[in-house]
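Heavy-atom basis, side chains included; hydrogens, waters and symmetry copies ignored. Naming convention: chains lettered A, B, ... in sequence-line order (proteins, then strands); numbering from 1 in each chain. Just so it is clear, the structure is predicted and the values come from calculations on it, not from any experiment.
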Amino acid sequence: MLNRRTLLAASAAVLSAPRVACAQPATPGVTATEIKIGGIMPYSGPASAYGVIGRLEQVYFRVLNEAGGIAGRKINFISLDDGYSPPKTVEQARRLIEQERVAFLFNTLGTPTNSAIVRYVNQRKVPHLFLSTGADKWGNPQENPWTIGWQPSYRTEAQIYAKHLLAQKPDARIAVLYQNDDFGKDYLAGTRDILGDRFERQVKTVSHEVTDATIDSQIVSLQSSGADAMLTATTPKFAAQTIRKMHDIGWKPPAHYLTNVSISVAAVMQPAGPEKGVGIITSGYLKDPTDSVWRDDPGMTEWRGFMQRHMPDADHTDGNYPFSYGVSKTMEHVLRQCGNDFSRENIMKQATSLQNLEIPTLLPGIRVNTSATNYHPIRQMQLQRWTGSTWERFGEVLEGARV
Amino acid sequence: MEGLPHQIVAGIATGGIYASVALALVMIYQATHHVNFAQGEMATFSTYIALTLIQAGLPYWVAFVVTVAVSFVIGVVVERVLLRPMHDAPVLAHVGIFIGLLLVISNLSGWIFDYTVKAFPTPFDTGAPMLGGLVSGHELGSTAVTLAVLTLVYLFFRHTSLGLAMRAAAYNPVSARLVGIRVGWMLALGWGLAAAIGAVAGIMVAPVVFLEPNMMLGILLYAFAGALLGGIDNPAGAVAGGFAVGIIENIGGAYLVGTELKLTLALAIIIAVLLFKPSGLFGRVVVSRV
């Protein structure tokens with residue numbers, strides 16, 4: 001018979017049950033034979049070109065398992081599709097953390113998508129490692145101690161451009177065209193980091209919205225500022241428009257820096273007209289798989305060997321593969337560094353204590369460094385210049401500012 | 001303010017884009033008394049068809065004519081298949097269809113032709129930029145095309161019996177049917193013509209803004225503001241309104257409200273017109289007995 005006392009007893013039993021589970025020190029997803037890792041990728045939808053990153057990761061962990069796994073455990077990598085749609089990302093993150101009970105999330109892709117889950121993941125204290133996005137906000141240990149990026153942030157990139165420009169002309173005046181969102185504003189922040197209180201005097205900024213039909217009006221405004229250098233921080237369509245418009249109105253500032261988001265030869269330089277962009281400067285941190293300089297490079301030979309053996313049908317000129325290989329390699333290193341302690345605390349601790357880690361697909365001289373206060377693993381880049389047919393690297397590897 | 005003349009010239013060039021799309025919006029309003037939110041996406045899809053034909057080796061103007069014809073057929077088919085069954089449904093149901101159509105066509109474009117930004121060829125000489133590079137040969141040429149389309153639309157509606165029948169079918173379907181006009185087919189014809197004009201607009205716009213599945217998303221809002229400003233039932237007014245919005249947008253963005261509020265400016269124009277002069281600057285004031 002159901003009376004109040006049995007009901008109370010039953011609910012007490014239910015309430016105490018999870019506490020019994022918590023009393024065990026085990027991390028969700030980690031057993032004596034397995035480590036469960038979650039990933040979220042746009043395998044479908046507008047950003048599905050990035051899906052290849054997730055495909056290589058799946059192959060990478062499979063190969064790792066065949067070679068014996070990590071500390072006697074096999075990696076069980078569960079990579080789900082969110083179609084680059086933030087509400088779907090939330091759904092998949094909850095599924096991974098609450099149903100699949102993964103130990104941590106690895107290399108979830110996209111700024112809007114990760115923005116949708118960052119609070120949830122940090123509340124649950126689940127490591128959210130090496131995100132595939134260049135937004136600067138993933139390197140903020142005070143606010144999001146469980147989230148860390150990987151690639152150089154847009155802000156670091158802007159710092160490098162500003163440093164390079166000021167080294168040549170300390171009083172240079174800069175015109176900045178930025179897309180009015182997190183991505184574009186990171187470039188303002190980076191420029192401000194370097195110029196400090198000279199920012200107001202030396203920098204002229206104009207924004208545009210993604211809904212604008214053209215940026216002609218903005219280019220006209222920037223031209224009349226008479227700047228010595230232009231920094232274009234916008235997405236491919238508007239970058240192509242900018243390059244063409246600047247050429248058409250005959251505005252050729254001595255230096256033109258272009259965000260490395262918009263350096264695709266097929267989607268930006270060709271549509272704009274390859275001859276119109278000669279001399280434009282951008283930056284990179286990965287080895288380009290199409291560049292013959294790396295034919296005998298040990299790092300790229302290792303990567304090519306992996307591709308030929310395990311992904312022979314993939315497009316080996318796609319720069320997303322060296323990226324994915326590099327970030328997977330970093331992940332493997334962190335797991336090995338964990339020893340036999342795969343608690344979430346220790347995984348996070350190891351991810352944030354990488355020292356001068358060399359990754360085969362990163363440009364020579366660029367090393368991965370993290371600490372309890374530095375959540376920006378890659379802070380170095382090398383400049384490259386458009387020759388009319390290809391991007392040519394020049395100069396030393398440059399480092400962003402410490403802020 | 002030394003850049004002011006330049007901003008105005010650049011505004012006229014951008015306004016030409018809005019004008020051509022506004023014309024397509026007015027066209028469908030004339031013929032069906034609806035504003036088709038999927039107009040922009042249908043135009044983008046047509047532009048992809050044109051690009052495919054050109055890449056297949058067809059001469060530009062042949063591809064142009066074929067695309068316009070194919071778009072006309074697509075427009076008619078959409079009306080017959082999707083809107084005909086909804087004939088007596090309330091306006092909200094139509095809005096639902098238009099938005100659904102927008103999503104379907106936009107994703108279809110991305111799925112078939114992928115999301116990469118593509119360059120689109122122009123038949124006009126762009127070798128020597130004019131007025132210090134502010135206006136290209138293409139922009140002049142496309143403005144001429146827009147004006148030519150406008151003239152054709154005007155002649156069609158004013159001086160052909162088919163045009164008269166279409167107007168009658170849109171304004172007063174019941175009376176039109178009583179005098180023997182096949183109202184259903186007139187609506188389908190209106191959709192076809194609007195899709196064809198949209199295709200022309202897409203082909204003229206793509207060389208300037210580059211082709212990608214969301215090409216028309218922002219343009220449609222500005223074009224809508226232009227069409228309302230000029231008068232939603234007046235093709236010439238809509239073209240003038242499109243140019244006006246281009247200039248207002250540039251001057252407002254550069255000197256008054258800042259670039260962040262350019263889109264807001266377009267929306268403010270829409271609200272101001274609806275509040276103070278719902279028929280637009282050149283539209284006819286409709287008085288109906290209740």
> So A:Tyr285 and A:Phe323, would you call those rings parallel, tilted or perpendicular, with 30° and 60° as cut-offs?
Replying inline: perpendicular
> Parallel, tilted or perpendicular: which describes the rings of B:Phe113 and B:Tyr48, with under 30° parallel and over 60° perpendicular?
Replying inline: parallel
Report which part of [X] has an atom under 4.5 Å of a heavy atom belonging to chain A: side chain, backbone, both, or neither.
X: B:Pro207; value: backbone
X: B:Glu260; value: both
X: B:Leu217; value: neither
X: B:Phe120; value: neither

>> Whether the side chain of B:His138 engages the backbone of B:Met204 through a donor-acceptor N/O pair (distance < 3.5 Å, no angle test) should be reported.
In response: yes
> Between A:Asp82 and A:Tyr84, is there a donor-acceptor pair closer than 3.5 Å when you use the side chain of the first and the backbone of the second?
Replying inline: yes
Does any backbone or side-chain atom of [X] lie under 4.5 Å from a heavy atom of chain B? Answer side chain, backbone, both or neither.
X: A:Ala49; result: neither
X: A:Glu209; result: side chain
X: A:Gln218; result: side chain

> Which one, A:Val206, A:Ile219, A:Val220, leads in non-hydrogen pairs under 4.5 Å with chain B?
Replying inline: A:Val220
> In a check of side-chain contact (heavy atoms from CB on, under 4.5 Å) between B:Leu150 and each of B:Leu23, B:Val26, B:Ile197, which one passes?
Replying inline: B:Leu23
> Is it true that atom CG of A:Asp197 has more than 12 heavy atoms of other residues, nucleotides or ligands lying nearer than 6.0 Å?
Replying inline: no
>> Could you check whether any side-chain heavy atom of B:Val35 comes within less than 4.5 Å of a side-chain heavy atom of B:Phe98, counting everything from C-beta outward?
In response: no
>> Looking at chain A, which one of B:Trp111, B:Tyr115, B:Phe210 has the largest number of heavy-atom pairs inside 4.5 Å, strictly under?
In response: B:Phe210
> If you count heavy-atom pairs under 4.5 Å with chain A, which of B:Val209, B:Thr116, B:Val205 comes out on top?
Replying inline: B:Val209
